[in-house]
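To start, the structure itself, in structure tokens.
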Amino acid sequence: MKCFLAPGLAIVAALTGVAAAPFVSTPTTTVVSEPTGLPSPYAISHHNVTTHGPYRVPATTTGAISTDILASTIAPAPPPPQIVDYPADGQLHGAQPMPYTPSGGIGTNGSLPLYKVASDFDYQSIALALYHEWIELDLFHWGLATFSEDDFQAYGIGAEDRFLLQHMADQEIGHASVLANMLGPSAPKQCTYNYPVSNVREYIDFNQKLTRWAEAGVYGFLPHLNSGPAAQMLLQSITVEARQQMVFRQFGGMFPMPEWHTPGIPQSWAWTLLAPYVASCPENQTRLIWQNFPALYILNQPNPARINGSDVWGEITTGWSNTLSTQGIPDDELCIHSNETGIACQAAIARNRSLPLSYPGREVFLRWDPPGHLVGPNSSYVTTTDAREPRFALWLSQLNVTYTPLLNVSLDARTAYTVQPNVSTWLNDPAVNGTMFLAITDEDLFVTPYNVTMVNPHVAALAVYQAG
Ligand SMILES: *[C@@H]1O[C@H](CO)[C@@H](O)[C@H](O)[C@H]1NC(C)=O
Ligand SMILES: *[C@@H]1O[C@H](CO)[C@@H](O)[C@H](O)[C@H]1NC(C)=O
Ligand SMILES: *[C@@H]1O[C@H](CO)[C@@H](O)[C@H](O)[C@H]1NC(C)=O
Ligand SMILES: *[C@@H]1O[C@H](CO)[C@@H](O)[C@H](O)[C@H]1NC(C)=O
Ligand SMILES: *[C@@H]1O[C@H](CO)[C@@H](O)[C@H](O)[C@H]1NC(C)=O
Ligand SMILES: *[C@@H]1O[C@H](CO)[C@@H](O)[C@H](O)[C@H]1NC(C)=O
Ligand SMILES: *[C@@H]1O[C@H](CO)[C@@H](O)[C@H](O)[C@H]1NC(C)=O
Ligand SMILES: *[C@@H]1O[C@H](CO)[C@@H](O)[C@H](O)[C@H]1NC(C)=O
Ligand SMILES: *[C@@H]1O[C@H](CO)[C@@H](O)[C@H](O)[C@H]1NC(C)=O
Ligand SMILES: *[C@@H]1O[C@H](CO)[C@@H](O)[C@H](O)[C@H]1NC(C)=O
Ligand SMILES: *[C@@H]1O[C@H](CO)[C@@H](O)[C@H](O)[C@H]1NC(C)=O
Ligand SMILES: *[C@@H]1O[C@H](CO)[C@@H](O)[C@H](O)[C@H]1NC(C)=O
């Protein structure tokens, strides 16, 4: 027996309680690890974005790219027979390709994985995800450069937490590199950005909401990608993004993950929510196919900076993301100035909010923009909708899409209100919770997590809702 195995044996012995074989010599647990000599993959070329703020040059509008359009909607069809017919009885139903390996699966027959996109669907989806990685790379650095240590400290975000923020920014270099490599030379480039943020609390809330729609935006298309290898790479980045989203909730003194399931949203929803914050992109930037929906403003969007977050009117910075504004809120109404359990909201692993941000039966007041606004890189995309008169609020959270009627609809003022539904996923877990999505639609079309995109022709305007 070679003596370098001894430490392993010692561990096994410790776990099993069996006496270890005597060591030949004192085990060495640390040896010099020589570099392999192989080059590490090149990280994508990137820079620190130096200009921020709105794009003010007159727009040269072009809108989303498109090609031949076959129909205005996709007709429902029966499910694939293979799924219908498979008897889910725990028995084996096919010969094994090798030992300990069940028959079936996708990409399991030995065909070499190619880590590249395989269709327009793949390209456009991963290009959209890359836009998100780019903005996060800038946004996380920007906050560190913009706000002072004291500014952060006032929210309980200390030096070690700020290092985590720096680390999360650096992680985006890896994510952007992976996605850009799978797209090839035409991959969208880094842009300049315009953040609706004037202090640390607003910054943390913007990050918390942006990472949620970026995360949910990927979950919406990941299982639909043609390229399994590309999905694999993206999956292994988006799981980190999910952790970032939770950290930003914790930085904001919110309960880290109230929901039992994270929702998926259509690509056009993610692009709608992102584009307003992208100011300009380099010449020849690759353009996207996705729709930009009009902004939905949640007039009484719950404000997690408040002690009573649901007792609120007009405290949003913009439509779409509906991120919180702290402007004009008296100190004694801000939870950051409290030490009381259930109210205090300094950065922490978990905070109990004894006054809920939102609740079933809450009236939610809405206003929306008409289509035709210029948004996105160089103001070169245009908001559009195919919906007729809005009649429903669509609550998208967890595994559920739930509709409630719009009440007191004014088509002139473009306002209405609706009432938060009382729905649950399992047991009594409230379906409407966490950082989620609210749209207004002309129809209450039934969709489920895998076909939620089919609702797009009915969407009139879109927002992030802060339900918990
Ligand atoms: C960006 O700025 C940070 C410091 O804020 C620095 O650590 C980093 O190296 C810079 N990155 C590039 C690509 O210049
Ligand atoms: C493996 O599956 C792929 C995708 O279904 C198929 O294109 C390929 O021909 C298969 N390869 C073999 C060796 O059967
Ligand atoms: C959201 O979930 C948390 C954790 O389960 C729970 O305490 C809270 O009451 C829920 N919020 C709402 C609005 O239902
Ligand atoms: C966007 O605007 C910037 C600054 O005016 C310009 O340099 C760039 O070429 C424009 N990008 C596109 C895609 O037109
Ligand atoms: C943009 O594309 C045009 C036409 O292909 C090319 O001449 C020009 O060099 C490109 N500009 C950049 C910055 O890549
Ligand atoms: C919190 O605000 C809600 C909505 O305005 C109100 O119904 C509730 O009474 C308030 N709770 C407290 C403790 O102030
Ligand atoms: C919170 O607790 C700290 C330390 O006990 C104390 O110095 C501070 O005054 C308290 N703040 C409030 C708002 O009660
Ligand atoms: C936190 O909230 C839960 C659910 O409302 C409650 O059961 C628990 O007692 C609370 N804990 C503290 C320390 O407030
Ligand atoms: C929601 O529904 C549950 C189960 O039907 C019920 O116990 C609860 O009181 C309802 N909550 C509200 C606010 O209506
Ligand atoms: C809805 O409209 C009716 C009639 O104009 C009005 O009485 C009621 O107060 C409105 N409800 C809300 C919640 O604004
Ligand atoms: C929410 O999702 C769960 C799980 O798919 C389902 O059982 C439940 O009926 C849904 N609730 C609503 C109101 O759609
Ligand atoms: C979405 O899928 C569900 C089944 O999960 C189906 O009942 C529904 O009709 C589909 N919706 C559309 C618009 O295709």
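Atoms within a ligand are numbered from 1 in the order they appear, just like the ligands themselves. Everything quoted here is computed from the prediction, not taken from an experiment.
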| field | Nearest-contact summary for atom 3 (C) of ligand 2 - protein heavy atom, Å | value | Asn109 ND2, 3.6 Å
| task | Specify whether the nearest protein heavy atom to atom 8 (C) of ligand 9 is under 4.0 angstrom away. | result | yes
| query | Can you name the closest pair of heavy atoms from Ala270 and Ile265 and give their distance? | reply | N-CD1, 3.8 Å
| query | Would Gln466 and Thr435 count as having a side-chain donor-acceptor pair, cut-off 3.5 Å? | reply | yes
| query | Between Phe365 and Trp313, does the ring centroid distance fall short of 6.0 Å? | reply | yes
| Closest protein heavy atom (residue, atom, distance) for atom 2 (O) of ligand 9 | Asn422 ND2, 2.3 Å
| query | By number and element, which atoms of ligand 4 are closer than 4.0 Å to a non-hydrogen atom of Asn378? | reply | 1 (C), 2 (O), 3 (C), 8 (C), 10 (C), 11 (N), 12 (C), 14 (O)
| field | Distance from atom 13 (C) of ligand 4 to nearest protein heavy atom, with residue and atom | value | Pro282 O, 3.3 Å
| query | Any N/O of Gln285 closer than 3.5 Å to an N/O of ligand 4? | reply | no
| field | Residue pair His52 / Asp138, side-chain donor-acceptor N/O under 3.5 Å | value | yes
| Heavy atom of the protein closest to atom 4 (C) of ligand 4 (residue, atom name, distance) | Tyr55 CE1, 4.2 Å
| query | For ligand 4, which atoms sit closer than 4.0 Å to a heavy atom of Glu283? | reply | 8 (C), 9 (O), 11 (N)
| query | Which pair of non-hydrogen atoms, one from Leu179 and one from Leu130, has the smallest distance, and what is that distance? | reply | CD1-N, 3.7 Å
| query | Can you find a protein heavy atom under 4.0 Å from atom 11 (N) of ligand 9? | reply | yes
| query | Are Trp271 and Tyr381 near enough that their ring centres are under 6.0 Å apart? | reply | yes
| task | Report, in ascending order of atom number, the atoms of ligand 4 lying under 4.0 Å from any heavy atom of Cys281. | result | 1 (C), 8 (C), 10 (C), 11 (N), 12 (C), 13 (C)
| In terms of side-chain heavy atoms, does Ser358 have a donor or acceptor partner in Tyr465 at a distance below 3.5 Å? | yes
